[in-house]
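Comments concern the structure below.
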2 protein chains.
Amino acid sequence: MSTEFEWDAPTDASALDAVIEPNAVSAVVESTPVADAAASKVDLTRARLRDEVIANLAPHDPIPAERELVHRFGVSRATIRQALSRLADHGWVYRVQGSGTFVADKDLVTKSPYLTSFSEDISERGMTPGSRVLRLEHGRADDRVARELLIPVGARAVHIERLRTADGAPLCIESLWLPEWLTGENLGPELLGSLYSYFEHAGASPARAHQTIRAVSLDAAQAELLQTEAGAPALMVSRIVFDAHGRRIEASTGVYLGDRYDFQINVKRRA
Amino acid sequence: MSTEFEWDAPTDASALDAVIEPNAVSAVVESTPVADAAASKVDLTRARLRDEVIANLAPHDPIPAERELVHRFGVSRATIRQALSRLADHGWVYRVQGSGTFVADKDLVTKSPYLTSFSEDISERGMTPGSRVLRLEHGRADDRVARELLIPVGARAVHIERLRTADGAPLCIESLWLPEWLTGENLGPELLGSLYSYFEHAGASPARAHQTIRAVSLDAAQAELLQTEAGAPALMVSRIVFDAHGRRIEASTGVYLGDRYDFQINVKRRA
DNA sequence: AGCATGAATTGGTTCGAACCAATAATGGTC
DNA sequence: GACCATTATTGGTTCGAACCAATTCATGCT
């Protein structure tokens, strides 16, 4: 797990940067539960399938039948099937009714199709995430933010802008809005570490999000931040994040450099 | 269902356009099974939940408990849960453990997170898909195509380029490569109707795909086809499509106009 | 009133079983 | 050998049941 303080040497020391206190942030990070601590049978089975079965087979090899895996792993078929379904979601295996389940091409294993923070995403891609704060203040919700957070236009909300880096190079300009009921008057450093840890700490764990991906051109200011030319193509990922209670806890946009970032997904036919 | 001949008045009549014979294409379309013909219980239950339950409730209203729906619909809880899961995938409802299942905001119901053809995609967005053939020929697989279709570099493969329209306006430039074992020597009109119908007709139903989404700038030729300026931002969707047997049946890229198309997806946290 | 406690309710997980649907293997017939 | 019907195998669906985990709500105490 590399869910730690997402920070690398800032290239300049603005007033906002000075707010950061590593201690406070680590305290938040501690609350992140260690994965695999109380994993479910499905998770364990999925891990065993990947490490003990798939790892030893070549692409397009069939893996043992579900009913055999039931005996081998000592779990029910429902559990085996759930584990296989998740592996299929990630592109590890594919299933053919009447025939079997087969190892997929390893180069098409996709990063998780699940909701991740920038840090998690970049870590999964094998790079080191970093951050430089551009803005941290109470703002007034404009039309779009108000609609996305279900708050009145003009309502106060925390506005954060960060330049996100991967392996030290600028990759994304992140603009986040958080509703006031979540943050209160808080503008402390815990808003600048792993935001997803902050959410969990505040009793509003991210549960799902609605994302929209568009193509845009960088304007001059964005281009300078991302160290490229104005007009360069970029992916704009807008997301509304909901917590486990169905509340809207974040409205954000991320503008990703077109030539350094792509978005991968495995899709199935029908349902 | 509007899975019919995806065509609107071509703006010019090239030699390729002349190949089209509506009769032949309809023949292919006939083989498309009528949806809902032999729907599973899960599908029926999902439809009933959407039409009889969700439709009568406001956003954030709780829907009846799973164990009550079991009695109401006369199906097992496993079936109810499968149906609810799919509705959640589409953004119709969200679930809170220990509390209940709630109606989600209707404006965030997403088009299906499943593999669709251009025609299906555009139809779901409430527009009418169209097509103009730019190229239809046997080509030689270059590096990328060879890698994506798992065939030797330089191998013969059918290459199709189409300008796709929505409500008559250009939206996307599609470039598809099909392996020769699928098409044989065929270059007939059935390759120009609904390609997904052709796949099914050929015993190679699309089952899943691996998609990569990037941001690109349009070059001069692309811009002219899409009736915009060179340098305009666009989404490039590359996909490798697999059939139910795990065979690779299509390697394609679609370049979508940035200001007229976006890509929406609902994602969940973890698994 | 306020609060802690515990019971009831809700979705989440896991099991076992039976049957369906598609595919692959078998074996006989010509 | 080529072909076809039969059979076995495999993943897909559905059921019923029990238990777990998180939440909510009623209860009763202070």
Side-chain angles (χ1 to χ4, degrees), chain A residues 33 37-46 48-49 60-88 93-104 200 203-205 207-208 243-247 268-271, chain B residues 33 37-46 48-49 53 60-89 93-104 200 203-205 207-208 243-247 268-271:
Chain A
S40 64
K41 282 198 181 182
V42 168
D43 288 331
L44 290 173
T45 303
R46 180 177 46 160
R48 292 189 61 188
L49 281 169
H60 305 295
D61 282 352
I63 73 173
E66 294 176 357
R67 291 166 178 81
E68 193 194 322
L69 293 169
V70 166
H71 292 122
R72 184 147 148 199
F73 287 162
V75 298
S76 75
R77 199 174 153 213
T79 304
I80 291 285
R81 280 183 60 75
Q82 267 196 72
L84 285 174
S85 290
R86 291 197 192 166
L87 288 171
V93 300
Y94 61 92
R95 305 158 103 172
V96 180
Q97 182 174 5
S99 180
T101 300
F102 303 86
V103 177
E200 284 165 18
S205 301
R208 61 194 178 92
D243 74 356
H245 307 275
R247 302 176 299 193
K268 286 179 294 202
R269 182 67 169 164
R270 304 281 175 218
Chain B
S40 62
K41 282 198 181 182
V42 168
D43 287 331
L44 290 173
T45 303
R46 179 179 47 162
R48 292 189 62 187
L49 281 168
V53 179
H60 305 295
D61 282 353
I63 73 173
E66 294 176 357
R67 290 166 178 81
E68 192 194 322
L69 292 170
V70 166
H71 293 121
R72 185 147 148 198
F73 287 163
V75 297
S76 73
R77 197 173 157 217
T79 305
I80 292 284
R81 281 183 60 75
Q82 267 194 72
L84 286 174
S85 289
R86 291 197 193 166
L87 289 171
D89 287 340
V93 300
Y94 61 92
R95 306 159 101 172
V96 181
Q97 182 173 3
S99 181
T101 300
F102 303 86
V103 177
E200 284 165 16
S205 300
R208 62 195 176 90
D243 74 357
H245 307 275
R247 300 177 299 192
K268 287 180 294 204
R269 182 69 169 162
R270 305 279 177 220

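Hydrogens, waters and symmetry mates play no part in the numbers below; they use all other heavy atoms, side chains included. Numbered from 1 within each chain, the chains take letters A, B, ... in sequence-line order. Worth saying up front: this structure is predicted, and the values here are computed from it rather than measured.
Counting to the nearest Å, the P atom of C:dG12 and the CG atom of B:L84 are 9 Å from each other. Atom CD of A:Q97 and atom P of D:dG11 are 10 Å apart (whole Å). Atom-to-atom, CG of A:L49 to C1' of D:dG11 comes out at 15 Å; the value is rounded to the nearest Å. The nearest whole Å value for the distance from the NZ atom in B:K41 to the C1' atom in D:dG12 is 14 Å. Atoms CD (B:E66) and P (D:dG16) sit 15 Å apart, rounded to a whole Å. The CZ atom of A:F102 sits 12 Å away from the C1' atom of C:dA22 (whole-angstrom rounding). The nearest whole Å value for the distance from the OH atom in B:Y94 to the C1' atom in C:dT10 is 14 Å. In this structure, CZ of A:R77 is placed 11 Å from C1' of D:dT9, rounded to the nearest angstrom.
Along DNA chain C, the nucleotide nearest A:G74 and the nucleotide nearest B:R81 are compared for position; the residue whose nucleotide lies closer to the 5' end is B:R81. In terms of position along DNA chain D, the nucleotide closest to A:G100 lies nearer the 5' end than the nucleotide closest to the other residue of the pair B:V96 and A:G100. For the pair A:H245 and B:A78, both in contact range of DNA chain D, the more 5′-proximal nearest nucleotide belongs to B:A78.
In summary, the side chains of B:H245 and A:Y94 do not present any donor paired with an acceptor at a separation below 3.5 Å, with no hydrogens or angles considered. A donor-acceptor pair shorter than 3.5 Å can be found between the side chains of A:R95 and A:S85.
The side chain to side chain contact (heavy atoms under 4.5 Å, CB included) test with A:V70 is passed by exactly one of A:I80, A:V75, A:T79: A:I80.
Between A:R208 and A:D243 there is no salt bridge, since no side-chain nitrogen of the basic residue lies less than 4.0 Å from a carboxylate oxygen of the acidic one. Ionic pairing of B:R86 and B:D89 is not present here: no N-O contact between side-chain nitrogen and carboxylate oxygen is shorter than 4.0 angstrom.
Residue A:S76 has its side chain nearest to C:dC15 when only C:dT13, C:dC15, D:dG11 are considered. For A:T101, counting side-chain heavy atoms from C-beta on, the closest listed nucleotide (C:dG12, D:dG11, C:dT14) is D:dG11.
The side chain of A:R95 places an N or O atom within less than 4.0 Å of a non-bridging phosphate oxygen (OP1 or OP2) of D:dG12. Under 4.0 angstrom from either OP1 or OP2 of C:dA24 there lies at least one side-chain N or O belonging to A:S99.
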